[in-house]
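Every chain is numbered from 1 and lettered A, B, ... according to where its sequence line falls, protein lines coming before strand lines.
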Amino acid sequence: MKIIFVLIALSLLIALGFLISFIWAVKNGQYEDDYTPSVRMLFEDQPEGESTEV
Amino acid sequence: MQNQSAKMDTLVETKLMLETDLQCYHCGEPCTDHEHVVGDKHFCCQGCQMVYELLSENNLESFYAQRERSSARQDASQTDRYAALEQIEIAEQLLDFREGALCKITLHLPQIHCTACIWLLEKLYKIHPGIHNSQVNFLRKEAYITFDIEQISLRKLAELLASIGYAPDFNLSDLGRKDKPKRDWKLLYQLGVAGFAFGNSMLLSFPEYLGLDHLSESYFRSVFGYINLILALPVVLYSAQDYLKAARANLQSRTLTIDIPITLGILTLFFRSAWEIVSQTGAGYLDSLTGLVFFLLIGKWFQQKTYHQLSFERDYQAYFPIAVRLPGGDTKSVKELTVGDHILIRNGELLPADGLLIRGTANMDYSFVSGEAIPVSKRPGDQLYAGGRQNGEQLEIQINRPIAQSYLTRLWDQDAFRKDKEKQHVLTTNKMGKYFTLTILTIAFLSLFYWLRIDTGMAINVFTAVLIIACPCAIALSVPFTLGNALRILGRSGMYLKNTNVIERLREISCIVFDKTGTLTESRENLGVDYEGTPLSATQKDQLAALCQQSGHPMSKAIAAWAGSASPAMRIEDFEEITGKGIVGRIKQHQFQLGSADFLDVGPLLARQAQVFLRIDGQYFGAFTVHNRYRSSLPQLIEQLGPQYELHLLSGDNDRESQYLSAYFPAQHLHFQQSPNDKLEFIRSLQNQGHKVMMIGDGLNDAGALQQSEVGLVIAENTNNFTPASDAILDAARFADIPGFLEYSRGSNRLVIYAYMLAVIYNIIGLSFAVQGLLSPVIAAILMPLSSITIVAFGVLSSRILAQRKKVMISQS
């Protein structure tokens, strides 16, 4: 049953990892604009140099 | 000869009628000729054609496939609009960042309106190698561009953007924008830490909830306890920081706000739990502690609703341009203008400082800064004021007052701009907090004394239990969620409030003051036209409409609308628009002249202000009076507001419409020729009589009154345009709904009271456990989230139901 301490320690570490990612994401400015990325990701990639006439 | 040319005309006309169903590929306007063609695509003008060519050269034609509607027509007229950007001092002040040649700038592009705009603007690097990167923020209508200033100057960048249809908009407040503080993310960090601790703490407390702790080895409880303690420390020291600091400040200033019971609860929770864990007498209540802080912070977050496309904080600087032209061709930054400088103002440009007119005839539109609806005519030697817009020929003006001391901008020196309305209002939450704290402390001490006679240990237990369970959480969440949701509902319906404090202040309003020009009247784009003179035949009206459509002047547009829509086959020859005077053109051999009194030489008998005269073939026909239209919902609005509020009108205009207006306002409540300062003083006088005032205005001349009144509401025809600093911004289309919105706000405040009652019920339940000494961690852990969630659900649902009842919710996508 003592294994549970290892498991708890691991889960806390993982949770801490998520917390750090969250703080990093906020610092990185990802929450400055929460609308435009949703539009941006739906744009289609264009092959370079080809005409893009639809 | 006559017959033949008439026949020719008909033939030409027919030919044109067949072919001019052509629409410009870029802007959608009708093409009147075949001059601008690329492949199979037609364009109405050189400007539109050039945009198409630029885009297709860079493989960006799919822009046309992606966009949702036609772009605006290209205005190729002003080629030196961005001349001021060549000056290095001005450019440096506009940049966000510069290192060597690498520059970053935030540009405001009001024409951004759809996803295709985002697509195109993020591909700028394809159009010019000097542009490295561009990113669009759609809601703010901004683009962040990284570019090499040695390869493309700021002026060329602005001109490039203008040439593809996204002309950047600069104003005086952009200079020195770098110094403005960036957004503060602290709340999100605190929320993250609290959430992390809360989730993990609850997991570790599971054995305690399920009563399993006595089954396994005893050291589990203590180990889990210590882990909980470690998790709870950052929550108390970092996440709950603002509450602790606020409570200390309150104690020092001897005020009682909700922060005090909150802090009391947090500290009691922490220390009692720490004691239990260290002395191994219990598991502690740290899961409730972290939960409490987490819910409080969520409430705080929900309460802050920001509208990115609006600003509630603008002063005159956001209205004025950044530079002006000097005689001789140079430009000068407005910030550096001094008394004695000579500047040039062209048609449509804004005068940034008070000055003496030296050369030219001024036709100044002061409607935004003084409320005078009709442009004022001035001759050299007259004084002109900052904020006026010229409608006419180029003027030379000598500045005689510094910008900050002009007649208009001196308004901002008033104390009203320094007081903090929000601090002066006692929040409902704090009022409730006062009663709450006193009641809880009383109960706590009473139970303490009761139990002291029986068992000291139990007494302390009960005392701390009362302080723990008496959850100020539910009270602290009532306002954020009820009013926070009301804020969002109002926002979706076109009424944007600065924060929930405004909803609370709306409850006490007893008096509403209206501005006239732009508030009660529709915008300059929507003018009413009256015609007096020889009646025009249908053909003549048609021809007149065709003539007017060639001009962009608001009066021409109004007359065109009055005359009806012209058939597209109308060909206008020798069209000329003389700024400030009028338009002329020949249609089917008839010479049309439409313009001001002296342009058409109508003689002093007929000449009156604000009129446009018509001559056909030299013959005088009649005069058009173009006037501001009152909003159609005005009678209804007054009827609904009249019984509840005292209504006043404050206008900067003269009293020529007082007869019409006295149908809506009592005669002694009508005030005209009010300067911006007069308006502010009037609000103050009403407040001295004990009223709480709401000011409804739209222009810079209302800025002082908006600031002085308890609630300042701005009517905006277009939320992209400038709005003076206010507490609320209303979409002009929703003018008729003002009574509904006010009622909804008052109703929402009542909902908050009901939420408090719910909170009290929870507290009674919790206290009944606490005073008997029966408060175990599991009961606390259940009650706290349960009460919080109930309050949240109540707040959100009740505000929504109220909105439906008051017919407030009409969503706009």
Side-chain angles (χ1 to χ4, degrees), chain A, chain B residues 39 55-56 58-66 112 114-123 126 135-144 182-197 199-201 203-204 207 215-217 219-220 223-224 227 230-231 234 306 308-309:
Chain A
M1 214 16 198
K2 298 213 188 116
I3 192 75
I4 202 162
F5 291 121
V6 180
L7 291 174
I8 289 179
L10 267 175
S11 73
L12 277 176
L13 271 172
I14 293 175
L16 201 60
F18 277 110
L19 179 63
I20 292 174
S21 317
F22 174 69
I23 293 181
W24 172 82
V26 174
K27 259 214 171 90
N28 199 26
Q30 292 182 20
Y31 283 83
E32 291 243 6
D33 181 4
D34 53 7
Y35 177 75
T36 320
S38 68
V39 173
R40 200 178 284 135
M41 71 182 194
L42 293 176
F43 290 149
E44 288 186 14
D45 288 336
Q46 291 168 249
E48 285 298 315
E50 273 176 39
S51 164
T52 51
E53 187 104 38
V54 168
Chain B
L55 294 183
S56 61
N58 293 292
N59 285 327
L60 295 169
E61 286 154 342
S62 57
F63 168 70
Y64 289 104
Q66 291 183 49
I112 293 177
C114 68
T115 57
C117 303
I118 304 177
W119 183 85
L120 180 61
L121 286 169
E122 294 192 345
K123 299 249 172 338
K126 286 195 173 188
Q135 191 174 30
V136 171
N137 184 326
F138 184 74
L139 292 177
R140 299 181 86 112
K141 294 195 169 24
E142 286 176 347
Y144 311 114
K182 293 234 143 212
R183 202 163 141 188
D184 188 14
W185 297 107
K186 194 167 181 202
L187 182 62
L188 282 188
Y189 297 141
Q190 289 174 326
L191 201 53
V193 169
F196 161 77
N200 285 294
S201 212
L203 270 173
L204 291 170
L215 290 176
S216 45
E217 290 127 45
Y219 56 80
F220 275 146
V223 171
F224 286 2
I227 297 179
I230 296 172
L231 286 174
T306 29
H308 296 286
Q309 65 274 35

Would B/V223 and A/I8 count as a side chain to side chain contact (heavy atoms under 4.5 Å, CB included) if you check the C-alpha gap in whole Å, the side-chain angles of each, and the deciding distance to 0.1 Å?
CA-CA 11 Å; B/V223 171; A/I8 289 179; over 6 Å; no
Among B/S56, B/G192, B/G195, the residue with the most heavy-atom pairs under 4.5 Å to chain A is B/G192
Once rounded to the nearest 0.5 Å, what's the spacing between atom CG of A/L12 and atom CZ of B/F196?
6.0 Å
What's the separation between atom CG in A/D33 and atom CD in B/E142, rounded to the nearest 0.5 Å?
9.5 Å
Main chain of B/Q135, side chain of A/R40: is a donor-acceptor contact present, judged purely on distance under 3.5 Å?
no
Atom NZ of A/K27: over 12 foreign heavy atoms under 6.0 Å
no
Between B/K123 and chain A, which part of the residue has a heavy atom less than 4.5 Å away: side chain, backbone, both or neither?
side chain
Need one label for A/Y31: side chain, backbone, both or neither, based on atoms under 4.5 Å from any heavy atom in chain B.
both
4.5 Å side-chain heavy-atom contact, A/V39 and B/F138
no
Give me the ring orientation class for B/W119 and A/F43: parallel if the planes are under 30° apart, tilted from 30 to 60°, perpendicular past 60°.
perpendicular
Which bit of B/N137 is near chain A, if near means a heavy-atom gap under 4.5 Å: side chain, backbone, both or neither?
both
Side chain, backbone, both or neither: which part of B/Y64 has a non-hydrogen atom closer than 4.5 Å to chain A?
neither
Check each atom of A/L19 against the heavy atoms of chain B and say whether the ones under 4.5 Å are side chain, backbone, both or neither.
side chain
Heavy-atom cut-off 4.5 Å, strictly under: side chain, backbone, both or neither for A/L16 against chain B?
both
Is it the backbone or the side chain of B/L203 that comes under 4.5 Å from a heavy atom of chain A, or both, or neither?
neither
Taking side chain as C-beta onward, heavy atoms only, is B/W185 less than 4.5 Å from A/E32?
yes
